[in-house]
Amino acid sequence: MDRFITLKEIDQVTDEIRKRIDIQPRIGMILGSGLGPLAENVENPVFVPYGELPNWPVSTVIGHEGRLVIGQLEGQDVLVMQGRTHYYEGHSMGEVTMPVRVMQRLGIEFFFVTNAAGAVNPEYEPGDLMLITDHLNFVGMAGPNPLRGPNLDEFGPRFPDMSQAYDKELMDFARQVASAGSFKLNEGIYVGLAGPSFETPADLRFLRSIGIDAVGMSTVHEVTIARHGGMRVMGVSGISNKANLDGSTITTHEEVLEAGQVIVPKMVSLMRGVLKKI
Ligand code: HPA
């Protein structure tokens with residue numbers, strides 16, 4: 001069911017966060033399933049549990065801690081979301097993307113989004129990173145786009161451009177960091193599905209045939225909102241399972257969380273490296 005978020009609701013949250021911090025974060029980050037430990041690197045952290053924020057959609061998924069961690073990383077003031085809420089939990093697109101609106105109202109310019117994703121590209125291995133170069137908005141294409149409903153003109157236009165959703169300069173920085181640190185960084189297209197069931201082999205073969213490299217249940221709607229508001233976006237997927245195109249393996253949430261442990265150190269190096277460059 002649709003529930004559209006108003007500017008007033010967004011600002012209630014923004015004000016509550018501002019009361020608790022005395023810095024002006026420039027970078028906002030969302031950490032996906034199993035990637036929460038990345039937030040342990042934040043210095044001078046202020047923690048804000050989601051449950052203490054008005055209107056904030058609270059996640060029930062294991063592997064999602066559910067709090068903001070605000071502090072410094074590589075000398076930059078950052079606001080990190082340790083865990084996110086998903087559409088499949090029953091919230092509207094407006095509700096699940098409200099945190100991205102709050103980041104915009106806080107003055108954040110750069111949006112770094114991470115997720116755990118399943119491989120669709122058969123060459124990807126669990127534990128790999130994939131720089132998202134573009135996405136397919138499968139959920140929103142014929143219905144629940146997060147911008148459906150009254151346009152919030154304070155953020156952006158009714159019909160925002162999405163031709164450069166992922167910032168070219170940030171992608172270049174990520175490539176430079178990966179090659180300097182000699183870790184593999186795949187590049188590919190992410191598709192956002194509604195979930196929560198994982199894909200059938202037929203789903204995966206279909207997605208592969210239309211040029212998809214990785215599949216997940218988040219990110220796309222968040223990036224749509226971020227771009228509407230003019231934030232510069234970098235997206236990175238941690239690949240948690242191999243492309244099961246022939247149905248020979250099964251996919252579990254435990255597997256997704258396990259792969260996170262291999263992915264976190266690489267994701268930390270990548271994020272730190274890019275933060276140094278901006
Ligand atoms: N499919 C969708 N989302 C996912 C997957 C998957 O295989 N792995 C981690 N998130």
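First listed ligand is number 1; within each ligand, the first listed atom is number 1. On a predicted model such as this, the values are computed, not experimentally measured, just so you know.
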Exercise. In terms of hydrophobic clustering (I, L, V, M, F, W, Y; side-chain heavy atoms under 4.5 Å; direct or indirect links), are Tyr88 and Val215 co-clustered?
Worked result: no
For this session: Check the hydrophobic clustering (I, L, V, M, F, W, Y; side-chain heavy atoms under 4.5 Å; chains of links allowed) and say if Val274 and Val69 are grouped together.
Result: yes
For this session: Check each atom of ligand 1 against the heavy atoms of Gly216 and keep those under 4.0 Å away; list them by number with element.
Result: 2 (C), 3 (N)
Problem set entry | Close-contact set for ligand 1 against Ala117 heavy atoms, below 4.0 Å | 5 (C), 8 (N), 9 (C), 10 (N)
Among all protein heavy atoms in this structure, tell me which lies nearest to [atom], with the distance rounded to 0.1 Å.
{"atom": "atom 10 (N) of ligand 1", "answer": "Ala116 O, 3.3 Å"}
{"atom": "atom 5 (C) of ligand 1", "answer": "Gly118 N, 3.3 Å"}
{"atom": "atom 9 (C) of ligand 1", "answer": "Ser240 OG, 3.2 Å"}
{"atom": "atom 1 (N) of ligand 1", "answer": "Glu199 OE1, 2.8 Å"}
{"atom": "atom 7 (O) of ligand 1", "answer": "Asn241 ND2, 2.8 Å"}

Seminar exercise, completed: The single option from Asp203, Leu204, Ile189, Asp213 that satisfies side-chain contact (heavy atoms from CB on, under 4.5 Å) with Val120 is Leu204
Seminar exercise, completed: Exactly one of Ile27, Ile17, Ile30 clears side-chain contact (heavy atoms from CB on, under 4.5 Å) with Met103, and that residue is Ile30
Exercise. Going by the angle between their ring planes, with limits at 30° and 60°, are Phe112 and Phe110 parallel, tilted or perpendicular?
Worked result: perpendicular
For this session: Take the angle between the ring planes of Phe206 and Phe138 and call it parallel below 30°, perpendicular above 60°, tilted in between.
Result: perpendicular
For this session: Report the member of Val215, Leu193, Leu204 with the shortest heavy-atom distance to atom 4 (C) of ligand 1.
Result: Val215
For this session: Check each heavy atom of Ala119 against ligand 1 and say whether those closer than 4.0 Å belong to the side chain, the backbone, both or neither.
Result: neither
Exercise. Could you give the distance from CZ (Phe173) to CD1 (Ile278), rounded to the nearest 0.5 Å?
Worked result: 7.5 Å
